[in-house]
Asker: 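Below: one structure in structure tokens.
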Amino acid sequence: MADMPHVLVVGAGAIGSFYGAIAKRAGCAVSVVLRSEYDVVRERGFAISSPLGDLSYRPDHVYRDGDTPVATPDYVICCVKVLPGIDRAALLAPWVGPDTGIVLIENGIDIEPAVADAFPDNPLISCLAFIAVSRTDEPAVIEHKAFGRLTMGAWPAGVTDDCRALEALFTDGGINVKLADQVVGERWAKSLWNTPFNPLSVLADGADTVTMLDTPGGEALAREMMAEVKAVAAADGHPLPDDAIDKNIAGTRKMPAYRNSMALDYLHGRPMEIQAILGNVVALAERYGVAVPRLSTMATVLAMRDRLAEGDA
Ligand SMILES: NC(=O)C1=CN([C@@H]2O[C@H](COP(=O)(O)OP(=O)(O)OC[C@H]3O[C@@H](n4cnc5c(N)ncnc54)[C@H](OP(=O)(O)O)[C@@H]3O)[C@@H](O)[C@H]2O)C=CC1
Ligand SMILES: CC(C)(CO)C(=O)C(=O)O
């Protein structure tokens, strides 16, 4: 085990604590940087229930902002929400050494440059998580409900030795990993689902997938929004397969009613990744001159909500 990589997770919420557990199962030393759950995790670690078994663990080191790492990690995994108010590069900076691989496991489009620009000499591995995992009302108690597959690739493109090493590590820990030569294209493929469904669930007051698809006109609306995402992806140089929308709708219909991560944030009054998941797609559509009337309507209405909330604050 002496040669196993040292992994450090920045933002060990649902996703970060889960993939930290997988790295721990693979035999890595796993440390975490925490904010609100620092005391609880120091005292008793994470409790994670999962179809894979009990994934509870105590991190090797529990840090908070301002601490100095005991050892420079081989990989820093960034799993904070991608929010306009969060400077992810600044959060990562204290923990990243000259050879540290930076791994993003986060949703959204065009989310890499903010980190890549700050660490131009570090390997950057971008990942998409296909998983249903959430925090519970108990601090540091996580419920992994289903799935867990990761798609990963070097950003902006390619599959490097770092990617392969990380793939081997997560595979040893018990999850499936797909290596992707064009990770930006993979982001678009995931965005085809997240960009319509996540914000739509917020506008529909936290609706689950079955409610969204079964409401008369719901599936048609989702399909139209997906078609807009598909058009922007193509303009960005990442055309998606012709049957991508049909496959996504069919796959979603096969799932039991599901509330996505943004719906859960909305219902808990937490900040939402509207910009990363929807706003950045609309911005790219504007840049390429692609009409996205439904997506931009949704973005405007959600911006109105933000404005109201700011006024209330
Ligand atoms: N949950 C899911 O099923 C899925 C999530 N994703 C994506 O994964 C990413 C992470 O989501 P998820 O794990 O659900 O989010 P969570 O809210 O569960 O976790 C985010 C973590 O980041 C921490 N954090 C936020 N700001 C800071 C800060 N300034 N300093 C230190 N820590 C900070 C939070 O700490 P604190 O407790 O103090 O707020 C929390 O531990 C998102 O991009 C999401 O879209 C992708 C697929 C599925
Ligand atoms: C696609 C899905 C639903 C799970 O991987 C997700 O990304 C989310 O909950 O935001």
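These numbers come from the heavy atoms of this one structure, side chains and all, not from hydrogens, waters or symmetry mates. Read the numbers this way: they start at 1 and go in the same order the structure lists the ligands and their atoms.
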Asker: Check the side chains of Asp60 and Ser31 for a donor-acceptor pair under 3.5 angstrom, ignoring hydrogens and angles.
Answerer: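 Note: Ser31 and Asp60 side chains miss the donor-acceptor criterion.
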
Asker: Applying salt bridge (charged side-chain N to carboxylate O under 4.0 Å, His left out) to Lys178 and Glu167, what does each step give before you reach the verdict?
Answerer: CA-CA 8 Å; Lys178 172 181 158 189; Glu167 176 208 18; over 6 Å; no

Asker: For Val133 and Glu143: C-alpha separation, side-chain torsions, deciding distance, then whether side chain to side chain contact (heavy atoms under 4.5 Å, CB included) applies.
Answerer: CA-CA 6 Å; Val133 61; Glu143 202 180 350; over 6 Å; no

Asker: With the criterion set at N/O pairs under 3.5 Å, what does the list of contacts between the protein and ligand 1 look like, atom names and distances included?
Answerer:
from, atom 1, to, atom 2, distance (Å)
ligand 1, 1 (N), Val133, O, 2.9
ligand 1, 3 (O), Ile131, O, 3.3
ligand 1, 3 (O), Val133, N, 3.3
ligand 1, 3 (O), Val133, O, 3.2
ligand 1, 13 (O), Ala14, N, 3.3
ligand 1, 13 (O), Ile15, N, 2.8
ligand 1, 15 (O), Lys81, NZ, 3.1
ligand 1, 17 (O), Lys81, NZ, 3.1
ligand 1, 17 (O), Arg135, NH1, 3.2
ligand 1, 18 (O), Ala14, N, 3.0
ligand 1, 26 (N), Arg35, NH2, 3.4
ligand 1, 29 (N), Arg35, NH1, 3.3
ligand 1, 37 (O), Ser36, OG, 2.6
ligand 1, 37 (O), Arg135, NH2, 2.4
ligand 1, 38 (O), Arg35, NE, 2.9
ligand 1, 38 (O), Ser36, N, 3.0
ligand 1, 38 (O), Ser36, OG, 3.0
ligand 1, 39 (O), Arg35, NH2, 2.9
ligand 1, 41 (O), Gly13, N, 3.2
ligand 1, 43 (O), Asn107, N, 3.0
ligand 1, 43 (O), Glu273, OE1, 3.4
ligand 1, 43 (O), Glu273, OE2, 2.6
ligand 1, 45 (O), Asn107, ND2, 2.9
ligand 1, 45 (O), Glu273, OE1, 2.5

Asker: If the test is side-chain hydrogen bond (donor to acceptor under 3.5 Å, both in side chains), which one of Lys190, Arg187, Glu273 qualifies with Asn107?
Answerer: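 That would be Lys190; it is the only one of Lys190, Arg187, Glu273 passing the side-chain hydrogen bond (donor to acceptor under 3.5 Å, both in side chains) with Asn107.
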
Asker: For Asp243, I'd like to know if atom CG has over 12 heavy atoms of other residues, nucleotides or ligands within 6.0 Å.
Answerer: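 Enclosed: over 12 neighbouring heavy atoms sit under 6.0 Å from CG of Asp243.
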
Asker: Report, as yes or no, whether the 6.0 Å neighbourhood of atom CZ on Arg42 holds more than 12 heavy atoms from other residues, nucleotides or ligands.
Answerer: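 No - once you tally the heavy atoms of other residues, nucleotides and ligands closer than 6.0 Å, there are 12 at most.
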
Asker: Side chains of residues 92-102: which donor-acceptor pairs under 3.5 Å do they make with residues two or more places apart or in other chains?
Answerer:
from, atom 1, to, atom 2, distance (Å)
Trp95, NE1, Leu91, O, 3.3
Thr100, OG1, Pro73, O, 2.9
Thr100, OG1, Gly97, N, 2.8

Asker: Run through ligand 2 for me and note each protein residue having a heavy atom under 4.0 Å from it, chain first, then residue number.
Answerer: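 For ligand 2, the residues that come within the 4.0 Å heavy-atom cutoff are Asn107, Ala129, Phe130, Ile131, Lys190, Trp193, Asn194, Asn198, Tyr258, Asn260, Ser261.
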
Asker: For the pair His6 and His61, name the ring-plane relationship: parallel under 30°, tilted 30 to 60°, perpendicular over 60°.
Answerer: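 Aromatic pair His6/His61 classed tilted.
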
Asker: Any pair with a residue in residues 200-221 that passes salt bridge (charged side-chain N to carboxylate O under 4.0 Å, His left out), sequence neighbours left out, goes on the list, sorted by first then second residue, please.
Answerer: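 Salt bridge (charged side-chain N to carboxylate O under 4.0 Å, His left out) check on residues 200-221 returns Asp214-Arg253, Glu219-Arg223, Glu219-Arg253.
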
